[in-house]
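Chain letters run A, B, ... following the sequence lines, proteins first, then strands; residues in each count from 1.
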Amino acid sequence: MTPPENLNTSQNEAVTAPLGPVLVLAGPGSGKTRVLTRRVAHLITAMGVVPRSIVAVTFTNKAAKEMSKRVQELLTPDTKAGDGLPNLGTFHALCARIIRQEADHLPLTRDYVIYDDSDQLSLVREVIKDLRLDPKQTRAGRILNAISKAKNELIELEDYDTDTYAHEVVRQVYDRYQQALLANNALDFDDLLFWVFRLLRDHDDIRSAYRRRFQHLLVDEFQDTNTAQYSLLRLLAGESPDLFVVGDPDQSIYRWRGADYRNVHRFQEDYPQTLTILLEQNYRSTQTILDVATAVIDRNPRRQRKRLFTDRGPGTPVVLHESYNENDEADFAVDIISTLTDSGEADPGDCAVMYRTNAQSRALEEAFLRASLSYRIVGAQRFYGRREIKDLIAYLRLIHNPVDRVSLLRALNTPPRGIGAKTVKLLLENSRQRGVDPAKILFALAREKDPALMDIFTPRTRRALVNFADSWLHWIEMKVDGGLVSLIDLIIEETGYRTYIDDGTEEGEARWENIQELRRVAYEYEDVDLASFLESIALISDQDTLSDEQNAPTLLTLHAAKGLEFPVVIIIGLDDGVLPHQRSFDDPEGIAEERRLFYVGVTRTKDRLYLLRSFRRRFAGPSTLSEPSRFLHSIPPKLLDGDLLGSQNWEQTAYKQKTTWDLSPKIPLEPQYQPGMRVRHKVFGEGIVMSTRIDHDDEEIQVEFEELGTKHLDASMAQLEILDG
DNA sequence: TAGTCTGGGCTTTTT
DNA sequence: GCCCAGACTA
């Protein structure tokens with residue numbers, strides 16, 4: 001057993017708290033993972049809790065793995081033996097397991113598959129076509145968002161509000177989409193939570209069984225739980241819960257995914273006996289970085305202020321730099337890294353470059369390539385979303401769950417084998433008419449069992465279909481005794497997939513290499529069943545793909561950076577429209593979340609922080625001039641260093657007007673108005689405040705006037721009279 | 001049926 | 001500037 005690391009007073013208070021509801025509000029770098037792992041170990045060794053009765057929910061699989069490792073190190077050999085291990089994983093992974101176990105009580109079989117967003121999108125497109133809706137008017141992505149939002153809020157189809165036509169359309173699609181998922185024996189991410197919620201809500205016996213089984217619950221990143229997750233937690237917790245949650249409302253960055261940091265307050269209300277503990281001492285960053293972080297986040301209204309402190313001393317100032325365009329910006333980022341590594345001040349692996357949107361990684365990757373430096377990039381979607389990977393996974397899913405139509409439609413003619421759109425249409429029509437699943441029709445065709453089928457297709461088409469079905473049946477047989485890797489090899493061989501994908505071009509070669517990579521991943525699951533393999537690759541997160549092996553700089557989005565730390569952090573794209581993103585402009589809550597995102601980025605830094613922006617930037621289409629991020633205004637200049645904004649001559653005239661950016665801190669403005677207030681304007685009459693936001697040095701309000709409709713006004717100009725609020 | 005071409009639409013973040 | 005879907009041609 002490794003000697004226990006020392007805990008400070010608050011950390012110790014949290015770790016040794018008596019059983020019951022505990023809320024730990026943990027500032028960045030305050031040792032929250034350490035507290036969680038030590039709490040788990042404390043439950044087992046000091047309180048005699050059976051490891052199996054502990055459930056700890058983390059945000060990523062990587063965090064779960066890390067925790068499991070650390071917990072095991074803390075346990076004595078005799079505790080490790082016999083009593084099993086605590087259940088560690090993400091909400092989604094935990095639910096996936098419960099669903100497999102309780103499939104008998106759900107409209108699915110235990111062989112169900114999990115659809116990712118591109119699968120969901122194909123299904124929604126199919127539904128839109130079925131319903132004869134105009135795909136141009138009803139965007140599949142939009143509808144999917146609405147459905148996802150409903151599911152995250154636990155809104156059943158019957159309860160879906162159809163107050164507008166748009167909602168009516170969503171409801172119709174939701175209905176068909178849900179039916180289609182079940183017919184395919186498939187679930188989407190949100191369903192994992194929703195079905196388990198329903199399962200526990202509706203079956204008293206199952207609920208009490210799980211309550212007995214999972215008596216000690218711990219939740220990491222609690223500020224990012226959504227309604228479904230919180231409700232699930234309450235169902236599992238029962239009357240006298242041992243519920244230990246750790247979070248930081250200032251780091252809540254998943255509102256768009258239904259997360260609601262107000263769950264933190266809700267928790268205190270729902271469990272009045274909650275013991276709340278604040279962790280404020282930071283063990284990660286220099287004081288300068290903490291000061292920058294605090295200056296940034298303190299501008300957000302309605303939050304509990306925390307005092308972040310460290311005994312690490314001030315450290316170096318934060319460097320601010322402006323480039324001409326995003327390519328120069330990327331080169332500059334690479335320059336910073338090579339300067340630091342050349343001088344021995346940092347290892348390449350110590351450095352991270354963070355950005356708001358994935359699209360920004362492109363310029364960076366090119367810059368690294370130009371400098372012939374290696375890098376690692378975080379992004380599972382990148383890998384598992386690739387065409388060749390999705391193709392092979394479609395085959396594996398079909399073998400596992402033959403009624404998966406989305407995968408069938410993908411695999412049927414990939415690589416092309418003479419089964420075109422017309423044949424597919426015929427097959428699906430037939431399947432619908434007879435009420436028989438397409439897979440069954442294909443199998444029957446292959447076995448020549450059903451003479452009625454013989455006349456549907458022309459001989460040539462029939463041969464193609466029979467060939468496909470034959471191979472498919474063969475693979476299903478092979479799945480039983482062959483390993484996963486040989487199954488993949490067999491699919492590649494029988495479909496001629498390599499010749500299809502590796503066409504001798506550089507791109508083809510890269511695609512083939514990706515398949516080799518998938519094969520390597522599969523090798524690790526060689527001893528497990530196909531089900532677990534498919535499940536874990538479906539639930540993989542971006543962060544999970546980050547390996548520690550390579551000593552190279554990390555490129556990642558600000559979202560993906562959550563929970564990580566680096567000695568050197570470079571945040572690029574500090575421009576209004578990028579960070580904060582322009583889509584958040586007219587929503588004060590959205591701007592507040594962007595600010596938290598920036599805060600998360602800043603607080604990842606241990607020693608050196610660089611903030612980069614560029615004068616010109618390309619969004620969609622032509623490159624345009626951009627303004628420095630409004631968030632830079634909140635940073636006191638004395639904390640900043642480097643080539644300050646406006647000191648360079650980009651384009652004489654265009655630039656001249658911009659040479660005097662004022663970075664001095666403005667007096668923090670508190671909004672005077674709030675949504676819902678009745679106000680009177682001298683000219684426009686009476687109206688209701690819809691939204692309000694602080695924009696630089698003024699408050700911008702959106703008012704819905706009785707006579708004139710919506711107007712955007714500046715508070716200082718409008719002179720509104722407040723009637724009531 | 002398969003491969004090429006063109007036009008439109010879009011771009012936040014991800015379990 | 002990029003990707004996808006549908007149209008068009010061999």
Report yes or no: is the ring centroid of A:Trp256 under 5.5 Å from the six-membered base ring centroid of B:dT13, with the two planes under 30 degrees? yes
Applying salt bridge (charged side-chain N to carboxylate O under 4.0 Å, His left out) to A:Lys149 and not counting sequence neighbours gives none
Measure from CZ on A:Phe189 to P on B:dT14 and round the result to the nearest Å. 12 Å
Under the salt bridge (charged side-chain N to carboxylate O under 4.0 Å, His left out) test, which residues partner A:Arg370, sequence neighbours left out? A:Asp331
Can you figure out which of B:dT11, B:dT14, B:dC10 approaches the side chain of A:Arg583 most closely? B:dT11
Return the 5'-most residue of the pair A:Thr461, A:Glu593 with respect to DNA chain B, ranking by each residue's nearest nucleotide. A:Thr461
A:Lys32/A:Asp248 ion pair, N-O < 4.0 Å: no
Counting side-chain heavy atoms from C-beta on, which of B:dG9, B:dT13, B:dT15 comes nearest to A:Asn358? B:dT13
Could you state the atom-to-atom distance from CD1 of A:Ile377 to P of B:dT14 in whole Å? 11 Å
Base, sugar-phosphate, or nothing: which does A:Asn413 touch, judged by heavy atoms less than 4.0 Å apart? sugar-phosphate
Take the protein atom CD of A:Gln360 and the nucleotide atom P of C:dG1, then report the distance between them rounded to whole Å. 17 Å
Taking CG from A:Asn226 and P from B:dT14, how many angstroms apart are they, rounded to a whole number? 16 Å
Looking across every strand, which nucleic acid part, if any, lies under 4.0 Å from A:Thr423 by heavy atom: base, sugar-phosphate, or nothing? sugar-phosphate
Kindly point out which of B:dT15, B:dT14, B:dT11 is positioned nearest to the side chain of A:His559? B:dT14
Residues at least two apart in sequence or cross-chain that pass side chain to side chain contact (heavy atoms under 4.5 Å, CB included) with A:Glu589, listed by chain then number, are A:Arg255, A:Tyr261, A:Arg302, A:Asp587
What integer distance in Å separates A:Glu221:CD from B:dT15:C1'? 13 Å
Rounded to the nearest angstrom, tell me the gap between atom CZ in A:Phe468 and atom P in B:dT1. 16 Å
If you check every side-chain atom of A:Pro416, which of B:dT1, B:dG3, B:dT13 has the closest atom? B:dG3
Could you run down the sub-3.5 Å N/O contacts of the protein with nucleotides 5-8 of chain B?
none

Under a 4.0 Å N-O cut-off, is there an ion pair linking A:Asp391 with A:Arg410? yes
Can you measure A:Asp117 atom CG to B:dT14 atom C1' for me and round it to whole angstrom units? 8 Å
Only counting residues at least two apart or in another chain, list the ones meeting side chain to side chain contact (heavy atoms under 4.5 Å, CB included) with A:Asp260. A:Arg262, A:Asn263, A:Arg266
Atom CE of A:Met354 to atom P of B:dT14: distance rounded to whole Å? 13 Å
Pick base, sugar-phosphate or nothing for A:Arg142, based on heavy-atom distances below 4.0 Å to the nucleic acid. nothing
Table of protein N/O atoms under 3.5 Å from nucleotides 5-10 of chain C N/O atoms:
from: C:dA5; atom 1: OP1; to: A:Arg125; atom 2: NH1; distance (Å): 3.2

My understanding is that only residues two or more places apart in sequence, or in another chain, count here; which of them pass salt bridge (charged side-chain N to carboxylate O under 4.0 Å, His left out) with A:Arg201? A:Glu156
A:Arg139 side chain, from C-beta outward: closest of B:dT1, B:dC10, B:dT14: B:dC10
Among all residues two or more places apart in sequence or in another chain, which pass the side chain to side chain contact (heavy atoms under 4.5 Å, CB included) test with A:Asp111? A:Thr109, A:Asn185, A:His400
So, using salt bridge (charged side-chain N to carboxylate O under 4.0 Å, His left out) as the criterion, who are the partners of A:Asp224 when residues are at least two apart? A:Lys562
Report yes or no: does A:Ser626 contribute a side-chain atom to a donor-acceptor pair with the main-chain N or O of A:Ser614 at less than 3.5 Å? yes
Assuming nearest nucleotide by heavy-atom distance, tell me which of A:Thr60 and A:Arg460 is located more 5' along DNA chain B. A:Arg460
What nucleotide, of B:dT15, B:dG9, B:dT11, holds the atom closest to the side chain of A:His581? B:dT11
